[in-house]
Amino acid sequence: MERGYEELKYAKLDTDRERRTGFPEVVYCSGKSDEALLEIYRKLVERDGRAFGTRASEAQAELIREAFPETEYNPVSRILKVKTKTEESEKRPSADSPYAVICSGGTSDLPVAEEAAETAAYFGTKVERVYDVGVSGIHRLLAQEELLRGASVIVAVAGMEGALASVIGGLVSCPVVAVPTSVGYGASFEGLAALLTMINSCANGISVVNIDNGYGAGYIAAQICRQSVRNFRSV
């Protein structure tokens, strides 16, 4: 029986993950040494022709770019991508594909919202962005109601008191993935207040990920959209 992973000096790469889950392994870059990060990216690119990492610094991006000129880095989301080849079988979402909407309460939530959006997009999901639509000016959100109602899943990213997810949950029939952020003043307790609001929401159909976990929300959104695509194609 194959062990399903490849032993490196600094890591055990899960070579079986995409077969098991449908999604390839992703690198959490923060805290890794330059040597370890470069070894992991080299192996992933060598094996798959691509690599995707979260929470990367500018210095880490430069390190990987020296090895792979195709490197793409977003300093807002801190996503670090390498793609050296295009698969002929690669399927991009069509204009009428099921889609995910990523909403943010305010501009300060953009790093987490962009992490979610880029993650979902990397995994083949059609993504629509609706940013800076927090409850302090709820008319901005309501102006996007048609787009929201057409989504297969909505990711609601908000700090402060985290009410955005509850409001969206009361407007739509699709699942809502709530992401509390560490944005806010002292009594927000670095996202704990938003987390508790979201967990205690009276609106139905809301699930909650950890504070600032845009990657986790984007992953879930991609999973939901894949199911929607299967249903969409079977009609």
Side-chain angles (χ1 to χ4, degrees), residues 4 13-29 40-41 43-56 61 64 68 70-74 76-104 110-131 144 147-157 168 172-179 205 207 209 213-235:
L13 290 188
D14 188 348
T15 56
D16 193 47
R17 185 174 302 184
E18 188 161 15
R19 183 195 66 79
R20 294 193 322 270
T21 69
F23 294 86
E25 186 167 15
V26 167
V27 184
Y28 181 77
C29 300
I40 292 167
Y41 265 78
K43 183 55 66 173
L44 287 173
V45 173
E46 175 187 306
R47 190 186 72 195
D48 303 329
R50 61 178 180 172
F52 184 89
T54 65
R55 304 300 168 97
I64 300 302
F68 304 103
E70 306 87 352
T71 295
E72 296 180 20
Y73 177 66
N74 183 338
V76 177
S77 66
R78 297 170 64 191
I79 295 292
L80 180 59
K81 296 183 289 187
V82 178
K83 192 170 186 181
T84 61
K85 63 181 181 180
T86 301
E87 299 290 342
E88 290 184 7
S89 60
E90 184 180 47
K91 294 181 179 179
R92 297 184 179 182
S94 62
D96 58 351
S97 292
Y99 61 89
V101 175
I102 314 298
C103 295
S104 78
L110 286 188
V112 179
E114 273 298 292
E115 184 179 67
E118 287 205 49
T119 298
Y122 181 78
F123 290 136
T125 303
K126 181 181 177 183
V127 172
E128 301 285 351
R129 292 165 168 84
V130 177
Y131 291 164
Q144 303 296 325
L147 180 68
L148 297 176
R149 289 186 183 277
S152 292
V153 58
I154 297 170
V155 176
V157 182
I168 292 174
V172 301
S173 61
C174 68
V176 176
V177 182
V179 190
S207 61
V209 299
N213 188 12
Y215 167 74
Y219 188 105
I220 293 168
Q223 286 182 310
I224 293 170
C225 277
R226 283 192 182 184
Q227 294 299 319
S228 297
V229 166
R230 291 191 185 105
N231 296 334
F232 176 75
R233 288 175 179 167
S234 66
V235 173

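This one's a predicted model, so the numbers in the text were calculated from it and none came from an experiment.
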**Where Arg50 and Pro24 come nearest, the two heavy atoms and their spacing** = NH2-CG, 3.6 Å
**Prompt:** Would a distance-only check, ignoring hydrogens and angles, find a side-chain to backbone donor-acceptor pair under 3.5 Å from Thr125 to Ala120?
**Reply:** yes
**Request:** Tell me, with the steps shown, if Tyr215 and Ile79 meet side chain to side chain contact (heavy atoms under 4.5 Å, CB included).
**Result:** CA-CA 10 Å; Tyr215 167 74; Ile79 295 292; over 6 Å; no
**Prompt:** Any donor-acceptor pair under 3.5 Å linking the side chain of Tyr41 with the backbone of Val82?
**Reply:** no
**Prompt:** For Ser207, what residues pass the side chain to side chain contact (heavy atoms under 4.5 Å, CB included) criterion, not counting sequence neighbours?
**Reply:** Val177
**Request:** Would you name the heavy atoms of Ser152 and Ile224 that are closest together and state the gap between them?
**Result:** O-CG2, 3.7 Å
**Message:** For Glu118 and Lys81: C-alpha separation, side-chain torsions, deciding distance, then whether side chain to side chain contact (heavy atoms under 4.5 Å, CB included) applies.
**Reply:** CA-CA 10 Å; Glu118 287 205 49; Lys81 296 183 289 187; 3.6 Å; yes
**Request:** Could you tell me which non-hydrogen atom of Thr71 sits nearest to which non-hydrogen atom of Ala61, and how far apart they are?
**Result:** CG2-O, 4.3 Å
**Message:** Can a donor-acceptor pair be found, under 3.5 Å and without considering hydrogens, that links the side chain of Thr21 to the backbone of Phe23?
**Reply:** yes
**Request:** Over all heavy atoms of both residues, which pair between Ala51 and Leu44 is shortest? Give the atoms and the distance, please.
**Result:** CB-CB, 4.0 Å
**Request:** Locate the shortest heavy-atom distance separating Ala151 from Tyr99; write the atom from each residue and the value.
**Result:** N-OH, 3.5 Å
**Fill in**
To the nearest 0.5 Å, atom CZ of Arg149 lies from atom CD1 of Ile168 at 12.0 Å
**Request:** Can you measure from OG (Ser104) to CG (Leu110) and round to the nearest 0.5 angstrom?
**Result:** 5.0 Å
**Asked** Can you check whether Thr119 reaches Phe52 side chain to side chain, under 4.5 Å on heavy atoms?
**Response** yes
**Item:** Nearest-0.5 Å distance that lies between atom CD in Glu128 and atom CG in Leu148
**Value:** 10.5 Å
**Complete:** Output for pair (Glu72 CD, Ile64 CD1), nearest 0.5 Å, gives 14.0 Å
**Note: Arg47-Glu18 ion pair, threshold 4.0 Å (strictly below)** = no
**Item:** Any donor-acceptor N/O pair, Thr84 side chain to Gly49 backbone, under 3.5 Å
**Value:** yes
**Prompt:** When rounded to the nearest 0.5 angstrom, what is the spacing between CD in Glu115 and CG in Asn213?
**Reply:** 7.0 Å
**Request:** Give the minimum heavy-atom separation between Glu70 and Lys83, together with the two atoms involved.
**Result:** CB-O, 3.6 Å
**Request:** Decide yes or no on side chain to side chain contact (heavy atoms under 4.5 Å, CB included) for Asp14 and Asp16, but give the supporting numbers first.
**Result:** CA-CA 6 Å; Asp14 188 348; Asp16 193 47; 3.9 Å; yes
**Message:** Working to the nearest 0.5 angstrom, can you tell me the gap between Ile40 CD1 and Glu25 CD?
**Reply:** 8.0 Å
